[in-house]
There are 2 protein chains.
Amino acid sequence: MATIRDVAQRAGVAVSTVSRFLNKNINLPEKTEQKIIRAIDELNFSPNKVARSLVSKKSEILVVVVPDISSPFFSHVVKDIEKSAHKDGFNVILCDTDNNLDKEREQINSLRNSFIAGYILVGAIDDVNDPCGDILKNMQEKGEPVVLIDRHNSDNTFPQVIHDKYLATLMATEHLIRLGHRQIGFITGDLRVYSALNALKGFKAAMANISKNESDMIVVEGGFDLDKGIRSTEMLLQKHPQVTGLVVFSELALIGAYNKLMEMGISIPQDISLIGIGETDLAKIVQPPLTTVGFDFAKTGELAYRQLKNLIVGKSMDERNITLKPEIFIRSSTRFLD
Amino acid sequence: MATIRDVAQRAGVAVSTVSRFLNKNINLPEKTEQKIIRAIDELNFSPNKVARSLVSKKSEILVVVVPDISSPFFSHVVKDIEKSAHKDGFNVILCDTDNNLDKEREQINSLRNSFIAGYILVGAIDDVNDPCGDILKNMQEKGEPVVLIDRHNSDNTFPQVIHDKYLATLMATEHLIRLGHRQIGFITGDLRVYSALNALKGFKAAMANISKNESDMIVVEGGFDLDKGIRSTEMLLQKHPQVTGLVVFSELALIGAYNKLMEMGISIPQDISLIGIGETDLAKIVQPPLTTVGFDFAKTGELAYRQLKNLIVGKSMDERNITLKPEIFIRSSTRFLD
DNA sequence: TTGTAAGCGTTATCAG
DNA sequence: CTGATAACGCTTACAA
């Protein structure tokens, strides 16, 4: 690999001149510029990022932390972040924490001496009980650019993008209520996750209109994968065979619930109306297509990146907290209860 | 941020001593070791990766290039690579090329001066016509560690992990033939992709047993997403309403085909037997569950990482080319044609 | 065993 | 406007 020294030597100028040229700091005379260009070309030189990073104390590297990249929502968000970031010349380091906050800690800490330009952290399990407070606090003190997506954000410390899961679950549940359902079950996500907790609140708020005390409400703690959806559905139906409507948090668990109902020979929506929180292709594709309350998460990644970018360049933002509102997609898995 | 200098000063030793301690190059006397540990602790010091990288001319950063991280197969592979890599202390830069080879070129080139430890490239569109030859050749010359997954690999230049899509499609087609089908349609992937091309060969090989000339074979060029699967199925059925069996390459296109058939009121497997190449949860979940010929792609990422690791540490591998064999999962979407 | 100093490839300061 | 040269934070000969 040729260095800036080699280029300078070959062009017959000083390294600083080449450096200036590279950083377009100044208008050099046509003549020297040509010499430099030629030398760079002949040597096939390109400046070393690491050396550059060492002196400038920054890099063009972003870190994106997700609980599970193989989950459709997260992989879409990451894709959009990467796409936006790439346009600005940033590269993205992906950290998959496997829903393990210790791993998250470790990963972030191991990167903290690499002049990372900024971080985007996506909601993780146990976020509610232990919002990585120590690390985040430290990052804040150090002034490191951090943006949060669907994450517990005490004291509103960091800019964030939030999907209003409270409202989404409220809407979903109210939809069933409007259709005449009274015996409505809710399969939550892992309640140590910020947005899952909010969803539960939304469910309770909606149910409060038709049910006097909370203890009557039919709630089973679920999770974010297919398997959890299957098992939770089974459990819920066993304990509460009277349900006519089912609200399921998270896309994958919804598909799990769908699968379980089909397997049990329970007809959707004849026997049970099924509605999910979160929108994916999957919900549209199964038969019958599933009614969902979802978000246009094509925007999430880009919005989060934009926030981060503003943070990095020190530009003030119009709004530090972006809350995305849900939309209901009525398909064929819910019916009027006569 | 404290530097190694600060630590040395505080501990009352030379920087080199601290460096030696950090790199465990030597056994220091208990006494000085304690002093250093204390200083490090008090200053909350951790060594700067960038500076380290500059002198060592290497880094703990891997680059993984995929055509589309939002596709289930790729996101699973990336997850496994990340997991394995993280155990060895590597971080992973994710490049999503959006199936654009120019973007791939650009991304890789922009990273070539960052002392990247190694690269894993996953099969992309146009790989067949233009296997990024210039860049890859250059990388080979420079001795940069590169591992390929499902990718055109002229002259067997790089270690690789391959899913035998030829065999998979052969098996799928033969399964339908065994069930008595003769009018079998095939929806390919994008034929500029290496493994899609192989799949087509597999289909033709199987069909050769029951069909004299190739021009009789029913083939429609498809793609890798849901939408392409839907459109290709529509087109195929329009031109060839006589088909009783359908082989679909790629997981997502399979689901698209399923969806289209359902929408058209075509019963699976009564009217048409449907079989897919590639295994995902989706195929298991829809009703009826779909027969597939798939791969245990839980292994792919880890295997590729292992190859790369060996390349990086200069360890010779048992096998440079790992070919993963498919397995048939017979479910309820194929039936005996009476 | 420990310390001194050179150097990794840049950028930035400061003379000329 | 250009050219030496000192950083940046670390590793590693080489010397003591």
Side-chain angles (χ1 to χ4, degrees), chain A residues 1-40 43-61 89 109-117 142, chain B residues 1-40 43-61 89 109-117 142:
Chain A
M1 277 282 97
T3 76
I4 198 174
R5 253 197 183 72
D6 302 327
V7 174
Q9 204 157 39
R10 183 156 200 129
V13 296
V15 286
S16 45
T17 308
V18 180
S19 177
R20 278 183 202 110
F21 168 78
L22 291 171
N23 298 291
K24 314 211 173 306
N25 271 339
I26 205 156
N27 291 48
L28 311 172
E30 186 69 13
K31 203 178 78 183
T32 53
E33 194 159 293
Q34 286 309 325
K35 283 194 295 187
I36 293 176
I37 289 175
R38 218 181 118 194
I40 287 177
L43 294 167
N44 192 20
F45 164 84
S46 92
N48 184 296
K49 295 251 179 75
V50 176
R52 225 170 220 194
S53 188
L54 182 59
V55 21
S56 69
K57 290 178 183 299
K58 38 185 188 168
S59 77
E60 311 291 323
I61 298 178
N109 257 339
S110 85
L111 285 162
R112 300 239 351 247
N113 278 290
S114 306
F115 300 125
I116 295 300
K142 297 255 160 56
Chain B
M1 277 283 95
T3 75
I4 198 175
R5 253 197 183 73
D6 302 327
V7 175
Q9 205 157 38
R10 183 156 202 127
V13 297
V15 286
S16 48
T17 309
V18 180
S19 177
R20 280 180 202 111
F21 168 79
L22 290 172
N23 298 293
K24 314 211 172 305
N25 272 339
I26 206 156
N27 290 48
L28 312 171
E30 186 68 13
K31 205 178 76 183
T32 54
E33 193 160 294
Q34 285 309 323
K35 284 194 295 186
I36 293 174
I37 290 176
R38 218 181 119 195
I40 287 176
L43 293 166
N44 192 21
F45 165 85
S46 91
N48 184 297
K49 295 251 179 73
V50 175
R52 219 169 225 196
S53 188
L54 182 58
V55 21
S56 68
K57 288 174 183 301
K58 36 184 190 167
S59 78
E60 312 292 322
I61 298 179
N109 256 339
S110 86
L111 285 162
R112 301 253 332 260
N113 278 290
S114 305
F115 300 125
I116 297 299
K142 296 257 161 55

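Residue numbers begin at 1 in each chain, while the letters A, B, ... track the order of the sequences. If you're wondering where the values come from, they're calculated on a predicted model, not measured in any experiment.
- When all heavy atoms of B:Phe45 and B:Ile4 are compared, the pair lying nearest together is CE1-N, 3.4 Å.
- Where A:Arg52 and B:Gly12 meet DNA chain C, the nucleotide closest to each residue was compared, and B:Gly12 sits on the side nearer the 5' end.
- The distance from atom NZ of B:Lys58 to atom C1' of D:dC10 is 14 Å, rounded to the nearest whole Å.
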Any protein N or O atoms within reach of nucleotides 5-7 of chain C? Criterion: under 3.5 Å, listing atom names and distances.
none

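- Annotation: the terminal axes of the helix from C:dT1-D:dA16 to C:dG16-D:dC1 meet at 50°, where each axis is the rotation carrying the C1' atoms of four end pairs onto the next four (5 pairs per end, rounded to 10°).
- Remark: P of C:dC8 and CG of B:Asn113 are 16 Å apart, rounded to the nearest angstrom.
- Proximity of a side-chain donor or acceptor of A:Thr3 to a complementary backbone N or O of A:Arg5 within less than 3.5 Å is detected.
- Residue B:Leu22 contributes atom CG, which lies 10 Å from atom C1' of D:dC10 at whole-angstrom precision.
- Note: CZ (A:Arg20) to P (C:dT13) measures 11 Å, nearest angstrom.
- Between the side chain of A:Ser53 and the main chain of A:Lys58, a donor-acceptor pair closer than 3.5 Å is present.
- Nucleotide D:dT2 holds its C1' atom 17 Å from the CD atom of A:Glu30, rounded to whole Å.
- For B:Thr32 (side chain) and B:Leu28 (main-chain N/O), no donor-acceptor pair under 3.5 Å exists by modelled atom type.
- The nearest whole Å value for the distance from the NZ atom in B:Lys35 to the C1' atom in C:dT2 is 11 Å.
- Residues from residues 1-9 of chain B that place a heavy atom under 4.0 Å from any atom of DNA chain D, listed by number: B:Thr3, B:Ile4.
- Proximity note for B:Ser19 (side chain, C-beta onward) versus D:dA4, D:dT12, C:dT2: the nearest is D:dT12.
- Nucleic acid contact class of B:Thr32 (heavy atoms, under 4.0 Å, all strands): sugar-phosphate only.
- Judged by distance alone, with hydrogens and angles left aside, the side-chain atoms of A:Ser56 form a donor-acceptor pair with the main-chain N or O of A:Arg52 at under 3.5 Å.
- Backbone-only contact: A:Val13 has heavy atoms under 4.0 Å from sugar-phosphate atoms and none from a base.
- The B:Phe45 side chain lies nearest to D:dC10 when the options are C:dT4, D:dC10, D:dG9.
- Taking atom CG of A:Asn48 as the reference point, atom P of D:dC8 lies 19 Å away to the nearest angstrom.
- Set against C:dT11, D:dG3, D:dG9, the side chain of B:Ala51 has D:dG9 as its closest nucleotide.
- As judged by a 4.0 angstrom heavy-atom cut-off over every strand, A:Lys57 is placed among residues touching the sugar-phosphate backbone only.
- Rounding to the nearest 0.5 Å gives a distance of 12.0 Å between NZ of A:Lys31 and CD1 of A:Ile36.
- Residue B:Gln9 places its CD atom among 12 or fewer non-hydrogen atoms of other residues, nucleotides or ligands, all under 6.0 Å distant.
- The shortest heavy-atom contact between A:Gly89 and A:Glu60 is O-CB, 3.6 Å.
- A:Asp6 contributes no side-chain N or O that, together with a main-chain N or O of A:Ala2, makes up a donor-acceptor pair within less than 3.5 Å.
- In plain terms, the two heavy atoms of B:Leu54 and A:Val50 that are nearest each other are N-CG1, 3.7 Å.
- No engagement by A:Phe115 is indicated, since no non-hydrogen atom pair under 4.0 Å with the nucleic acid exists.
- Picking from D:dT11, D:dC1, C:dT10 the nucleotide with the shortest atom distance to the side chain of B:Asn23 gives D:dT11.
- Closest to the side chain of B:Leu54, out of C:dC8, D:dG3, C:dG3, is C:dC8.
- Side-chain atoms of B:Ser59 come within 3.5 Å of backbone atoms of B:Phe115 as a donor-acceptor pair (strictly under, hydrogens ignored).
- The CG atom of B:Leu43 sits 14 Å away from the P atom of D:dG9 (whole-angstrom rounding).
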Given A:Met1 and A:Asn48, is the side-chain contact (heavy atoms from CB on, under 4.5 Å) satisfied, shown in steps?
CA-CA 9 Å; A:Met1 277 282 97; A:Asn48 184 296; over 6 Å; no
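- Contact annotation: the side chain of A:Phe21 approaches that of A:Ile37 to within less than 4.5 Å [non-hydrogen atoms, C-beta and beyond].
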